[in-house]
Amino acid sequence: MTEQELLRRESLQKLRELGIDPYPAEMFEVTAHAADIVQNYREEVLEDGTKNRLNYTSVALAGRIMATREAGKAMFMNLQDSSGRIQLYMRREEINGGDENSPMFDTVVKKLLDLGDYVGVKGFAFRTKTGEVSVHVQEFKFLSKSLRPLPVVKKDNEGHIYDAFTDPELRYRMRYVDLTVNPEFREIFIKRTKMIKTIRAFLDELGLLEVETPILQPIHGGAAARPFKTHHNALDMPIYMRIANELYLKRLIVAGFDGVYELSKMFRNEGMDRTHNPEFSMLEFYVAYKDYYWLMDVTEQMFERIARALNSDGSTKVTVGEHEIEFAGPYKRLTMFDAIQQFTGLNVETADEAELRNYCRQHHIEIDATMGKAKLIDEIFGEKVEGNLIQPTFLIDYPVEMSPLTKKHRSKPGLVERFELFVNGKEVGNAYSELNDPIDQRERFEDQLRLAARGDEEAMAMDEDFLRALEYGMPPTAGIGFGIDRLAMLFTNQTSIQEVLFFPQMRPEV
RNA sequence: GAUCCCGUAGCUCAGUCGGUAGAGCACUUGACUUUUAAUCAAGGAGUCAUGGGUUCGAGUCCCAUCGGGAUCACCA
């Protein structure tokens, strides 16, 4: 234990010896919050120059002591609660209750109270002569003693921060410390929750049913990624944590629900970086009798609503890095082929595989022998186009080979009715007119098996039960998936997924 | 998985050419009855990530390991 930790344990012992419980069981009734008092305190100056306090004349608030400033027989502290910070003012004679021999001020407050301790205080609001709204404390009580020193972050009048607690490793491992000493980061998580609540409200109003589908799956279908594998003891069988829930949600459309959505975590056993965490949140929704054009309209409405909900002024614009993104629809709709033509001058529709390979070699795009034409087009798109799509853009009509679960295009041979939504140069959503022809679906799975045989590790596995469901009949359906963490990054202007997850995955400490 | 950078007091960081450790905040003791990055005086605090190696001598140079970050690959 460090010197400071030992001292805090001694303080704890001394408090107990003085008959003060550092961890009392009974509740402390809070009647006011720091930010409310600071914002709403009112006083009037009478004709004789004295001040008359108009509100918060008796308050009880609770929180952590974040700073102390001793001034002889008086003392100032900063109390931080969930709403913000407020200054406390204490006077020796009042804290001692008029008893000259009381240890309360000189020992308990000045010596045994440490930064980070939770206290409850009762008193009245006032304005100090330097103008700061404060609470004049008449009673105080320990609510919980802190046995480890928090990092001390200081801020001056101009808002400059000193000794900022910035080490990402410490911040992510000890998010409780991070959010205590860097309370401004709480706003990111509050916005994230607001975003999710807005999405739920929007989908509920559309009449969709929120559902839960299996996280533990015998076949990891619906996407192309390496799964986490575990073992069920009683059944003595391998089981996978889901990489997607798409095939289960479609089974529910087969079951007769008009629209379903699931907002939950997926698990992919892949590399980690600033846009990937092994567990991440997805929104998927599926609506019967609709197509991908309908989904584009709905997506525009949903994003506009999220932007309005997260901006205090109700604006539809969001600043992301260098750019200001306009979320009010309609968004630009661009076919994949047109997009590539526009940004590279390359006509991928008429080009054959050899020409595409040649283009990739010339432009230093990494390819390998297993890649077919569709995959090459995807690589060119990723390298040359994706990063340019800053304002929300629907990229539509993909080659059939890249989309094994998507309905063939109603009028364009070789393409499917699929779109991806790009914002700020990154994909945030992926949608289809869902393939509901069971015979076509079986052939697509078989194509996937052939790709797997050619060495494509991302190819999808056959799911016989899903095919059986389609054979019973699935109505025409539109479906879409969004990466919730990516959306949270976008709407909170963060470049790392770890900043929008409370507890990002970390290697164990030694 | 690959490459590069980083790891020194509770926190943020210095540490020169290889000569056994420094600052600010925090902490301790004292002063101060409206301070606010409070101030003033004095003081304590370190297995320099871990393990090896080179050297008379390693925070510093070399190797390995652990942890973090960035870039890449894979993916959303």
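Order of the sequence lines sets the chain letters (A, B, ...), proteins ahead of strands, with each chain counted from 1.
Aromatic ring centres of Phe422(A) and Phe381(A): separated by under 6.0 Å. The aromatic ring centroids of Phe303(A) and Phe482(A) lie less than 6.0 Å from each other.
Among the heavy atoms of the strands lying under 4.0 Å from Lys129(A) is at least one base atom, whether or not backbone atoms are also near. Residue Arg127(A) is out of contact with every strand shown, counting any heavy-atom pair closer than 4.0 Å. Within 4.0 Å (heavy atoms only), Arg148(A) reaches no atom of the nucleic acid at all. Within 4.0 Å (heavy atoms only), Asn182(A) reaches no atom of the nucleic acid at all.
Between the side chain of Arg186(A) and the main chain of Leu179(A), a donor-acceptor pair closer than 3.5 Å is present.
Toward the 5′ end of RNA chain B lies the nearest nucleotide of Phe126(A), the other residue of the pair Met272(A) and Phe126(A) mapping further downstream.
Residue ring and base: Tyr162(A) counts as stacked with rA37(B) (centre distance below 5.5 Å, interplanar angle below 30°).
Note on Arg507(A): a side-chain N or O is less than 4.0 Å away from OP1 or OP2 of rG68(B). Put simply, Lys111(A) has a side-chain N or O that comes within less than 4.0 Å of OP1 or OP2 on rG30(B). Phosphate contact (OP1/OP2 of rA37(B), side-chain N/O of Asn157(A), threshold under 4.0 Å): present. A sub-4.0 Å separation between OP1 or OP2 of rA76(B) and a side-chain N or O of Arg268(A) is present. The shortest distance between the side-chain N/O atoms of Arg91(A) and the OP1/OP2 oxygens of rU34(B) is not below 4.0 Å.
Counting only Watson-Crick and G-U wobble pairs whose two distances sit under 3.5 Å, RNA chain B takes part in these stems of three or more pairs: B:1-7 with B:66-72, B:10-13 with B:22-25, B:27-31 with B:39-43, B:49-53 with B:61-65.
The gap from the C1' atom of rG43(B) to that of rU34(B) amounts to 29 Å, rounded to the nearest Å. Across rC48(B) and rG7(B), the matching P atoms stand 14 Å from one another, rounded to whole Å. Separation of the P atoms belonging to rC56(B) and rU16(B) is 22 Å when rounded to the nearest angstrom. For the P atoms, the distance from rA21(B) to rG46(B) is 12 Å, rounded to whole Å. Comparing the same atom, C1', in rG1(B) and in rA14(B) gives a spacing of 36 Å after rounding to whole Å. When the C1' atom is used for both rU20(B) and rG15(B), the distance is 14 Å, rounded to whole Å. With P as the reference atom, rC63(B) and rA26(B) are 41 Å apart, rounded to whole Å. The gap from the C1' atom of rC62(B) to that of rA2(B) amounts to 22 Å, rounded to the nearest Å.
Near RNA chain B, defined here as any heavy-atom distance below 4.0 Å, the residues from residues 490-503 of chain A are Gln498(A), listed numerically. Near RNA chain B, defined here as any heavy-atom distance below 4.0 Å, the residues from residues 65-74 of chain A are Arg69(A), Glu70(A), Ala71(A), Gly72(A), Lys73(A), Ala74(A), listed numerically.
In this structure, Arg8(A) places its CZ atom 12 Å from P of rA26(B), rounding to the nearest Å. For Met75(A) and rA31(B), the CE to P distance is 14 Å, given to the nearest whole Å. Rounded to a whole Å, the NZ atom of Lys110(A) is 9 Å from the P atom of rG30(B). Atom CG of Leu7(A) is separated from atom P of rC27(B) by 10 Å (rounded to the nearest Å). Distance, Arg171(A) CZ to rG67(B) C1': 17 Å, rounded to whole Å. The CG-P distance, from Leu88(A) to rU35(B), rounds to 17 Å in whole Å. A straight line from CG of Leu115(A) to C1' of rA38(B) spans 14 Å, rounded to a whole angstrom. Atom C1' of nucleotide rU33(B) and atom CD of Glu100(A) are separated by 13 Å, given to the nearest angstrom.
Defined by atom type and a distance below 3.5 Å, a donor-acceptor pair is present between the side-chain atoms of Thr275(A) and Asp273(A). Side chains of Gln80(A) and Arg64(A): a donor-acceptor N/O pair is absent below 3.5 angstrom, by distance only.
Minimum atom distance to the side chain of Thr128(A) is reached by rU35(B), of the listed rG69(B), rG67(B), rU35(B). When the nucleotides rC25(B), rC74(B), rA76(B) are ranked by their closest atom to the side chain of Lys154(A), rC25(B) comes out on top.
Between Lys375(A) and Glu401(A), no side-chain nitrogen of the basic residue sits less than 4.0 Å from a carboxylate oxygen of the acidic one, so the salt-bridge criterion is not met. The pair Asp114(A)-Lys145(A) counts as a salt bridge, with a side-chain nitrogen and a carboxylate oxygen less than 4.0 angstrom apart. Under 4.0 Å is where a charged nitrogen must lie from a carboxylate oxygen, and between Arg333(A) and Glu300(A) at least one such pair does. A salt bridge links Glu169(A) with Arg173(A): at least one charged nitrogen is closer than 4.0 Å to a carboxylate oxygen. Checked for salt-bridge contact, Arg91(A) and Glu93(A) meet the test: a charged N lies under 4.0 Å from a carboxylate O. Using a 4.0 Å cut-off between charged side-chain N and carboxylate O, Glu499(A) and Arg171(A) make a salt bridge. Taking the charged nitrogens against the carboxylate oxygens, Glu434(A) and Lys407(A) have no contact shorter than 4.0 Å, which rules out a salt bridge.
Between Phe445(A) and Phe466(A), the angle of the ring planes goes over 60°, which puts this pair in the perpendicular group of the 30/60° scheme.
Under the rule for a salt bridge (Lys or Arg N to Asp or Glu O under 4.0 Å), Lys384(A) has no partner lying at least two apart in sequence or in another chain.
The ring pair (Phe, Tyr, Trp, His ring centres under 6.0 Å) contacts involving residues 144-174 of chain A comprise nothing, where partners must be two or more places apart or lie in separate chains.
An anti base is found at rU65(B): its glycosidic angle is more than 90° from 0.
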Show your reasoning for whether salt bridge (charged side-chain N to carboxylate O under 4.0 Å, His left out) applies to Glu43(A) and Arg53(A).
CA-CA 4 Å; Glu43(A) 63 186 15; Arg53(A) 294 183 284 271; over 6 Å; no
Can Lys426(A) and Glu386(A) be said to form a salt bridge (charged side-chain N to carboxylate O under 4.0 Å, His left out), step by step?
CA-CA 7 Å; Lys426(A) 293 179 187 83; Glu386(A) 187 170 343; over 6 Å; no
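Taking only distance into account, the side chain of Glu132(A) never meets the base of rU34(B) through a donor-acceptor pair shorter than 3.5 Å.
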Treat primed atoms plus P, OP1 and OP2 as sugar-phosphate and everything else as base, then score nucleotides 7-13 of chain B 5' to 3': B for base contact with protein heavy atoms under 4.0 Å, S for sugar-phosphate contact only, - for none.
---BSS-
